[in-house]
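Whatever order the structure lists them in is the order used to number ligands and atoms, beginning at 1.
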Amino acid sequence: MTKPRVLLTRKWPEAVENAAAELFDVTLNPDDKPLGRAGIRAALENYDAVLATVTDDVKEGTFTNLKPMARILANYGVGFSHIDIEGARAAGITVTNTPDVLNDCTADLAMTLLMMAARRAGEGEREVRAGKWTGWRPTHMIGTSVTGKTLGIIGFGRIGQAMARRAHFGFGMPILVQSRSAVDPVILAETGAVQVDTLETLLPQCDFISLHCPGGVVNKHLINADRLALMRPTAILVNTARGEVVDEAALVDALKTGVIAGAGLDVFEAEPTVHAGLLECQNAVLLPHMGSSTRETRVGMGMRALKNIQQFFDGIEPDDKVN
Ligand code: DGY
């Protein structure tokens, strides 16, 4: 029996590429260059499965007048706001993602950003590396304490819950939650979290805000100038979700004028371009979308994507079908 023809749009961890090559007739991307919209369309027309990532433009228009050979688009990553899910469905293409395997890793990075922004770790490192450190003094690099402060979590899925556990059990932080749907009281009780109805209620009560909601049109600029103004002037915003959730121009303004104290960002509106104003903000910690970037997790994500296409070609509904 001929093996399904499968394309990996980017370079994947070697262990996963090897596993893929055993199972399928695989085409790799050793140069690791993004394919672009035209390349993705060509891939969908010429392969049985396309294994994509967040850097692939599969948004509205991708499926217009497409004659797809592919019947499955397996995303390597949990977020899929870069994929026109409805368009894929209309074109008869199943879309899958890779949830669960990156929960801890992403929550670890959110906590890292929270701590770095609170304790001015990026600034301190820049000072040392620039040879500008003149020695210990009582007023040097004063940050803000984390222990016992209130954390507001927006979006309380698996990553949000993992963040709550770290903050609550590691740092004694009371947790407030805002989420579109009612969270199971058992889940809230695990970290003593309290769900509030609106962002307007949540934001003024928190010392830290961490975003864990999906991206896409529905949450575009959820955090805008008006909502930043509701945060405490001492508060810090952390975003490991999706860049579009925050209005970056409004955030730059808020960081520069003291509307909020700081931010820790792993995701950006126009990746890999970062708003020039953010680069000027010493009170922003900026990381290059590395929430899931551990060896273990990146292999786990790949294996999960392979499992999804294996299930699909075995005639089973993939565990992580999203459309
Ligand atoms: C994810 O899994 O969503 C990461 O952000 C990479 O896409």
Side-chain angles (χ1 to χ4, degrees), residues 7-13 16-17 29 32-37 40 50-59 62 72-85 88 95-114 153-163 210-220 222-223 237-246 248 264-274 285-309 318-323:
L7 175 83
L8 275 58
T9 65
R10 299 299 300 263
K11 194 165 165 46
W12 286 24
V16 191
E17 290 191 344
N29 179 354
D32 204 17
K33 292 219 178 74
L35 299 185
R37 168 68 66 88
I40 286 290
V50 175
L51 279 72
T53 74
V54 67
T55 57
D56 293 313
D57 175 5
V58 200
K59 291 202 168 98
T62 303
I72 178 161
L73 176 68
N75 187 54
Y76 177 105
V78 67
F80 46 84
S81 59
H82 57 290
I83 301 173
D84 173 8
I85 295 294
V95 179
T96 59
N97 70 345
T98 59
D100 297 327
V101 286
L102 44 63
N103 298 345
D104 287 328
C105 198
T106 307
D108 288 349
L109 199 86
M111 203 67 220
T112 303
L113 283 168
L114 187 155
I153 299 184
I154 298 174
F156 209 55
R158 287 160 287 208
I159 300 173
Q161 291 166 36
M163 178 65 172
S210 192
L211 303 176
H212 297 285
C213 52
V217 181
V218 65
N219 283 335
K220 186 167 164 69
L222 187 76
I223 302 299
L237 176 72
V238 173
N239 189 8
T240 53
R242 279 292 179 262
E244 65 264 21
V245 178
V246 177
E248 255 167 32
L265 308 173
D266 186 45
V267 286
F268 302 89
E269 279 198 80
E271 293 180 16
T273 303
V274 175
V285 178
L286 310 173
L287 296 181
H289 200 151
M290 50 196 270
S292 60
S293 64
T294 67
R295 275 189 303 279
E296 298 85 347
T297 300
R298 287 287 165 88
V299 169
M301 291 162 73
M303 294 303 184
R304 185 107 180 192
L306 293 187
K307 184 176 175 204
N308 283 319
I309 56 171
D319 288 342
D320 305 318
K321 185 173 190 286
V322 295
N323 67 341

Worksheet item: Hey, is ligand 1 close enough to Ser292 that some N/O pair sits below 3.5 Å?
Response: no
Worksheet item: Is any side-chain N of the basic residue among Asp84 and Lys59 closer than 4.0 Å to the acidic one's carboxylate O?
Response: no
Worksheet entry | Contact atoms of ligand 1, heavy-atom distance to His289 under 4.0 Å | 4 (C), 5 (O), 6 (C)
Worksheet item: Can you tell if the side chain of Pro99 reaches within under 4.5 Å of the side chain of Arg304, non-hydrogen atoms only?
Response: yes
Discussion item. Is it true that Arg298 and Ser293 share a donor-acceptor pair across their side chains at a distance under 3.5 Å?
Written reply: no
Worksheet item: What distance do Leu109 atom CG and Met163 atom CE have between them, rounded to the nearest 0.5 Å?
Response: 9.5 Å
Worksheet, complete the sentence: ligand 1 to Leu102, heavy atom cutoff 4.0 Å, flagged ligand atoms 2 (O)
Discussion item. Please determine whether the number of non-hydrogen atoms from other residues, nucleotides or ligands lying under 6.0 Å from atom NZ of Lys307 exceeds 12.
Written reply: no
Worksheet item: For Val78, is at least one N or O under 3.5 Å away from an N or O on ligand 1?
Response: yes
Worksheet, complete the sentence: For Gly79, the ligand 1 atoms with a heavy-atom partner under 4.0 Å come out as 1 (C), 2 (O), 3 (O)
